[in-house]
Amino acid sequence: MFEMMTGMINNIFFIIFPIILYQMFAATGKRNFFVSHRVMLTILFSISIILCMIFPYQFMTDDYIFDLRQVPMIVGALYGGPLVSAVLFLVSAIGRVFIGGDGMYIAILNQLLIAVGVPLLRPQYLRMKQLSKTLLVFGITIVSLLFNLVAGYVFFGDPIHDLIGIWLILMLNHGTIIVLTALLIEHIQRQEYLLNSLVKHEKIETVSHFAASVAHELRNPMQSIKGFVQLLQSHEYNRDKQVEFHDIILKELNDAESLIDDYLVFAKPTYGQLESVMVDEEISQVIKVTKPYASWQNVELQLLHTCEKCRVVADRQKFHQALVNIIRNGIEAMTTGGTLSIGVSNMQSSILIEIKDEGLGMTKEQVQRLGEPYFSTKTKGTGLGMMVVYSIIHQMNGTIEVDSEKGKGTIFKLYLPAADSLEEG
Ligand code: ADP
Ligand code: MG
C-alpha cells in the first residue's frame with residue numbers, strides 16, 4: 001500500500017513539475033499555454049511521459065502495474081493540438097516498445113486512439129466552461145481505461161468481474177489526477193489572461209490620457225495654417241511671397257502629420273517580435289510622443305547624452321510603452337513644471353538609460369511598493385504603469401534601479417543587456 005502511494009505520488013510529481021516549471025519561466029503576458037512555448041512544453045511533457053513509464057506503480061493487486069502517462073498525453077493533446085499530440089504519441093509508443101511484454105500492442109493502440117481522437121475534441125474543449133472541461137477530461141480518461149479493460153478481456157481473457165472493483169477505483173484515481181492537472185493549467189491561463197488585460201488597460205489609459213495633449217499640440221500648426229490661408233485669400237501677393245507662405249504651410253502640415261504618426265505608432269497594440277533596436281532612435285521616438293504631454297504640464301524634456309551605436313533586443317512597442325510610462329510618471333511628479341532629463345550610456349555589456357525628474361520624489365516605502373499592481377498615490381492613477389514597466393524590463397533581462405528623495409526628485413536607471421553589435425553586418 002505504501003509503495004503504491006509513493007509510486008503514484010511520483011507519477012503525479014512527474015506531471016505537475018513541467019507545468020510549474022512553465023509557470024516559472026514562461027514570459028508573462030503570453031496568452032495560451034503551449035501556443036507560445038510549444039516546443040519547450042512538448043519536451044517537458046515527453047519527459048513526464050518517459051518518467052511515468054520508467055517508474056510505474058502497482059495498484060491494489062500485484063498483477064497489474066500502472067502509470068499515469070496518459071495524463072500528459074491527453075492534456076498535451078487538448079492544449080497543444082495535433083502536432084504536440086503526435087510527438088507525445090511517438091515518445092510514449094517508443095517507450096512502450098522498450099518496456100515490451102504482452103500488453104504492448106493494446107497499450108500502443110490505446111495511445112494511438114488518444115493521440116488521434118483527443119485533438120479532434122480540442123476545438124470544442126477550448127470553448128467549454130470549466131465544469132464541462134472537467135467532465136470531458138474525466139470522461140476521456142474513463143473511456144481510455146475502459147478500452148484497456150475490455151481489450152484485456154478480449155485478447156487475454158482477463159476476467160472483468162474479478163477486477164472491476166480495482167478498475168473502478170483506478171478510474172476514479174486517474175480521473176481525479178487529470179482533472180486536477182487540467183484545473184491547474186486553467187488557473188495559470190486565467191492568471192496570464194488577467195495580467196494581459198491589466199497591461200492592455202494601462203496602455204489604453206495612457207493613450208487616452210495623451211489624446212488631449214496631442215489635440216492641444218495640433219492646434220498650433222492648425223492655427224498657423226489657417227492664418228496663412230486667410231492671408232493668401234485676402235491679399236494679392238507676388239509669386240515669391242506666395243511660395244514662401246506655401247512652404248510654411250507645408251512645413252506645419254508635415255509637423256502635424258508626423259505628430260499624428262508618432263502618436264498612432266505608440267497607440268498600436270503591443271504584440272510584436274523581438275528585434276535588435278537602436279536605443280537612441282527609440283528614445284527620440286518616445287520623446288516625440290511624450291513632448292505634447294510634457295509641454296502641457298510645463299515640463300521640458302531634455303536629452304542629455306545618448307549612445308549612438310547602442311542596441312538592445314526588445315519588442316519595440318513594449319519597450320516604448322515602458323519608457324513612456326516612466327517618463328509620464330516623471331512629468332506627473334513635477335506638479336509645478338521642471339525639467340525631465342534622459343541620458344543613455346554604454347556600460348560594456350549593458351546599456352544604461354537614466355530618466356531623472358525634479359518632482360515630488362518618493363519615500364523608501366513608496367519605492368519598495370513600485371511595481372505592485374494598483375499601488376498609486378494619484379487620485380486618478382491606475383497603479384498599473386510601473387507594474388507594466390517591471391514586467392517589460394524583466395522580460396528583456398534588464399534591471400531597474402530607483403533613486404528617489406522626497407521633495408527632490410527621482411532617477412530611474414534601467415540596465416539592459418547590450419545586443420551584439422556584430423549583428424549589424
Ligand atoms: P499611476 O501613475 O497610475 O499612479 P504607476 O504604477 O505608474 O501608477 O505609479 C505608481 C506610483 O508610484 C505613483 O502613484 C507614484 O506615487 C509613484 N511614482 C512613480 N514614479 C514616480 C516619480 N517619478 N516620482 C514620484 N513618484 C512616482
Ligand atoms: Mg503612471
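For the numbers below, each heavy atom of this structure counts, side chains included, while hydrogens, waters and symmetry mates do not. Indexing begins at 1, ligand by ligand and atom by atom, following the structure's order.
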Within less than 2.8 Å, report the number of protein N/O/S atoms around the Mg ion (ligand 2). 1
Disulfide bond (SG atoms under 2.5 Å apart) partners of Cys310, counting only residues at least two apart: Cys307
The reported gap from SG in Cys52 to OH in Tyr57 (rounded to nearest 0.5 angstrom) is 8.5 Å
Filter the ligand 1-protein atom pairs down to N or O on both sides and distance under 3.5 Å, then list them.
residue	atom	partner	partner atom	Å
ligand 1	2 (O)	Asn329	OD1	3.0
ligand 1	2 (O)	Lys378	NZ	2.7
ligand 1	3 (O)	Thr382	N	2.7
ligand 1	3 (O)	Thr382	OG1	3.4
ligand 1	3 (O)	Gly383	N	3.0
ligand 1	4 (O)	Ser376	OG	2.6
ligand 1	6 (O)	Gly385	N	3.2
ligand 1	6 (O)	Met386	N	2.8
ligand 1	7 (O)	Asn329	OD1	3.0
ligand 1	7 (O)	Asn329	ND2	2.8
ligand 1	8 (O)	Gly383	N	3.3
ligand 1	14 (O)	Ser376	OG	3.4
ligand 1	14 (O)	Thr377	N	2.8
ligand 1	14 (O)	Thr377	OG1	3.3
ligand 1	16 (O)	Thr377	OG1	2.4
ligand 1	23 (N)	Asp357	OD2	2.8
ligand 1	24 (N)	Thr410	OG1	3.4

For a side chain to side chain contact (heavy atoms under 4.5 Å, CB included) with Asn325, tell me which candidate from Leu384, Thr206, Ile392 qualifies. Thr206
Within a strict 4.5 Å, meaning less than it, do heavy atoms of the Lys318 and Met396 side chains meet? no
Residue from Ile351, Asn397, Leu352 passing side chain to side chain contact (heavy atoms under 4.5 Å, CB included) with Tyr415: Leu352
What class does the angle between the rings of Phe245 and Tyr237 fall in, given that below 30° is parallel, 30 to 60° is tilted and above 60° is perpendicular? perpendicular
Mark yes or no for whether Gln111, through its side chain, and Phe89, through its backbone, hold a donor-acceptor pair below 3.5 Å. no
Could you list all the ring-ring contact (aromatic ring centres under 6.0 Å, His included) pairs where at least one residue sits in residues 299-345, not counting sequence neighbours? none
Between Glu205 and Thr382, a side-chain donor and acceptor under 3.5 Å: no
